[in-house]
There are 2 protein chains.
Amino acid sequence: MSDIRKLAAMPAADTGAPAALAVGLTAAIVAATGEEPRVLVVRTAQGSDALPSGPLEAQHRTLEAGLRNWVERRTHQALGYVEQLYTFGDRDRRETDGEGAQRALSLGYLALVREARPTGAADASWQSWYRYFPWEDWRGGRPAAIAALEPPLREWAAQGGKLGQERLRLNFGLGGARWNEERVLERYELLYEAGLVPERLRDRNEGAPLPEAARGVAMAVDHRRVLATAIGRLRGKIKYRPVVFELMPSAFTLSELQRMVEALSGVRLHKQNFRRLVEQQGLVEETGDTRSETGGRPARLMRYRREVLVERLAPGVRLPAMRRT
Amino acid sequence: MSDIRKLAAMPAADTGAPAALAVGLTAAIVAATGEEPRVLVVRTAQGSDALPSGPLEAQHRTLEAGLRNWVERRTHQALGYVEQLYTFGDRDRRETDGEGAQRALSLGYLALVREARPTGAADASWQSWYRYFPWEDWRGGRPAAIAALEPPLREWAAQGGKLGQERLRLNFGLGGARWNEERVLERYELLYEAGLVPERLRDRNEGAPLPEAARGVAMAVDHRRVLATAIGRLRGKIKYRPVVFELMPSAFTLSELQRMVEALSGVRLHKQNFRRLVEQQGLVEETGDTRSETGGRPARLMRYRREVLVERLAPGVRLPAMRRT
DNA sequence: GATAAAATGCTCAAAATGAGCATATGAGTT
DNA sequence: AACTCATATGCTCATTTTGAGCATTTTATC
C-alpha cells in the first residue's frame, strides 16, 4: 500500500473523534498609560506573576467571541481588538517536570483595551511589560539589561559555533547588527535556551544567577512566552494595521500618538518623518481644537479617521526609521 | 469586589484543569510542480475533498514535532517547513447543523514539501489549490471566476450599504482597487457570508446556484477555510522569509524561481525587477552550470545560499510590482 | 522682551521601485 | 552560414519613498 494511501486510509481523512485534551485560554490584555505599555497580570497561589487564563467555555459561536465574553464579563473592560496569537502545546509547559503530565493546550490571545483602570485589588494589576522584558526597551538608549546579558550570552553562543554566534548577533543587535524590535519571541527563546531566564532554571531546578533587572521578572508556566508572542505580534501589526488607535483616546496629539508607538515598539522615532507618514496616509484628521499643556507651542488635536478602516483596508502606522542619534 | 478582583479570583488565575475538548490537526501540505501549487487532498467517506486531518497525539514534545512525525510517518515526505496557522474552533465547523454538536478544535498547519510524489491512490492526490480558489489565479489575467462572481457579490454588497460595498471593492479589486494577493481568507469569508460558496449553502441546506468553475470545489467541514489561511499566509511569508526555496529543487534558474513565486502568489511579476531583487539580496548564487533546454539563451543555474538564513535572519523574496500589462 | 520647549514646515540626498529598451546566446530553420 | 525565435541577461531612467536635519512658529515662563 502506498504511503499516501495509508494517509488517506487513516481515520484522519474524516473528521471523526479526535483526542480529548485539556484546553485553556491565556490572554495578554494590553493597555497603555502615559509612556508605558501595560499588561494585566494576576498573582498565582504560588506567588508568581501570571497572565489571566482559564478554561475554554463551549457556549460561544466562535473562539474570539468566547474570549471577549470571558474577559468582559470579569473586567467590564471593552476589548477593542482581539487577535489569536498561537496555540501553545509543548509538553514542557508544565510547571513541574512530572512524567505523566497530561498535555494541555493553551490558546494565546492578544487583546487591547483603551484604558488601564486601576484594579483596586492586590492580586491583579497593570504592569509595564518591560518588567518582564527589560531588554526590549531601547527608548532610553541601549538597555542596561542587554549589557548585563551580553557576556553570558556570548559564552553560551561560543558553544554553538558560528551559527549560534550569528543567531545571537542578529537577534540582539550585537556587533553592528541592527536591532529588530519585532523579534521579541526569538530573543526570549534564545535566552531560555541559554539558561538565562528563571523559567528555564525553574524547569530544570537550577538556581538563578542573574539579577532580576537583567533577566526580567519570571511568569508562571509559559506565560512569558505568550507575552513575548503578544508583544512581537503587536509591534509588527502596528506597521500595517491601524491597531494603535485602539489604545489611544478619542482625541490626541501627534506627539502623543508617536509616544504610544514608541512605547509599544520600544524604540525612538524621527519626529518629523513620523508625522509625515501618519498625515500623508490620511489616518487622522484635525478635530479643530488644540492642546496647550504641552510646554511649548500648542498641538493640534487629532482624531482617527474611522473611514480609513474600510476605505483602505486599514493600513497601519508605518514606522519611519528608528532615530539614530 | 472589583471586577478585576473577580478576574484574579477565578480558577483561571492558576493553570488548573481546563475543559477537555476534542482536538485535531488539519494540515495543508503544499508542493509545487511545474506551474501549479498543489495541496495534498484526500477523499472523505462522503466523497468530498478534504485536507489530511487526524487526532492530536500526545507523545511529542512539541506540537510541531507531532505534526512532522504524523505527516512523515504516513507520507514519507520530508517536511521542509512547518508553520502553525490558526486554531479553528467555531461552533459552525460541524458538518451537520446538529444542536448538541460538541465543540471541536482544529489546529491548522501549513507544511511545505519539495516534490509532489505521485500518490498512486485514488483517494489521495495532489490538487492545484486553484481548484478550490479559482478566483485567486490572476496569472492569465483577470480570472473568469471573478467575472462570474461579481454580479451576485455586488447584489449582496448592495444590502450591506456603503461599508459592504467598500469591503467588496477592496478585497476583490473591483472598481479600480488593486488586487491584494494576500487576502485569500478575507475573500473566502466574504464569499461565505454572501452565500456564494457551497459550504455555506450546505451548512444551511440550500442549493448551489453558481457553476463550480466560479465558486470553486468545496471541501469538508471548514477545510477550505484552513486552506485559504494557508495560501494567504504563504503568499505573505515568501515576501519576508526565504520559504520559497523549500519548494525548489537544489538547482534552478531564476525564471523557474520566478514562475514558482508567481504560481504561489497568483500574479505575474516584472521579470527584470524580480531578478534584480533576488540577486541584489544575495539570496542565491550561481552553481556555474547552465541549463539550455529553455528554448532560448541558456540560463544560469542557481542555488540557494543557505548561509543567508542565519546571515540575515532570512529575508524573503521581495516581490516587485505586479506586471501591469 | 528674552528664553525654553514643543509643534510644525520644508529641503535634500540617497535608496528603492516600476517600466521598458537593448543586447546576448542558444536551438531550430532555410 | 544566415536567419528567426525565444528566452536570458544587462542597463537606463523617471518617480517614489526614505532618512536626516535645518528653520520657523507659537505658547508658557522667567
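The chains referred to below are lettered A, B, ... by the order of the sequence lines, with proteins before strands, and numbering in each begins at 1.
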### Task
Output the single nucleotide from C:dG26, D:dG19, C:dT17 whose closest atom is nearest the side chain of B:Leu277.
C:dT17
### Task
Round to the nearest Å and state the distance from A:Lys271 atom NZ to C:dG9 atom C1'.
13 Å
### Task
Report the distance from atom CZ of A:Arg291 to atom C1' of C:dA6, rounded to the nearest whole Å.
14 Å
### Summary
A:Arg275 meets the side chain to side chain contact (heavy atoms under 4.5 Å, CB included) criterion, sequence neighbours left out, with A:Leu254, A:Ser255, A:Lys271, A:Arg300
### Message
Can you tell me how far apart CG (A:Leu110) and CG (A:Leu227) are? Round to the nearest 0.5 Å.
### Response
9.5 Å
### Message
As a test of reading the structure: which of C:dG26, C:dT11, D:dT9 is closest to the side chain of A:Arg276, going by heavy atoms?
### Response
C:dT11
### Task
Please report, rounded to the nearest Å, how far the P atom of C:dG18 is from the CZ atom of B:Phe274.
14 Å
### Query
Pick the nucleotide of DNA chain C nearest each of A:Gly296 and B:Gly296; which residue has the one closer to the 5' end?
A:Gly296
### Query
Reckon A:Ser255 has a side-chain N or O less than 4.0 Å from the OP1 or OP2 of C:dA7?
yes
### Query
Does B:Thr253 offer a backbone N or O that forms a donor-acceptor pair with the side chain of B:Glu256 under 3.5 Å?
yes
### Message
Using heavy-atom distances to pick each residue's nearest nucleotide on DNA chain C, tell me which of A:Gln272 and B:Arg297 is more 5'.
### Response
A:Gln272
### Query
In whole Å, what is the span from the CG atom of A:Leu254 to the C1' atom of C:dA6?
12 Å
### Query
Taking the side chain of A:Asn273 as its heavy atoms from C-beta onward, which of C:dA6, C:dG9, D:dG19 lies nearest to it?
D:dG19
### Query
Whole Å only: how far is the NE2 atom of A:His270 from the C1' atom of D:dG21?
6 Å
### Donor-acceptor under 3.5 Å (A:Arg187 side chain, A:Phe172 main chain)
no
#### Entry: Atom pair CZ (A:Arg114) and CE (A:Met248), whose distance is rounded to the nearest 0.5 Å
9.5 Å
### Query
If you look at every strand shown and take non-hydrogen atoms under 4.0 Å, does B:Thr253 touch a base, only sugar-phosphate, or nothing?
nothing
#### Entry: Rounded interatomic separation in angstrom, taking CZ from A:Arg178 and P from D:dT18
13 Å
### Message
Side chain of A:Arg300 only, heavy atoms from C-beta on: which candidate in C:dA7, D:dA20, C:dT8 is closest?
### Response
C:dT8
### Task
Please state how far atom CE in B:Met302 lies from atom C1' in D:dA8, giving the value in whole angstrom units.
12 Å
### Atom-to-atom span, CG of A:Leu269 to P of D:dG21 - whole angstrom
15 Å
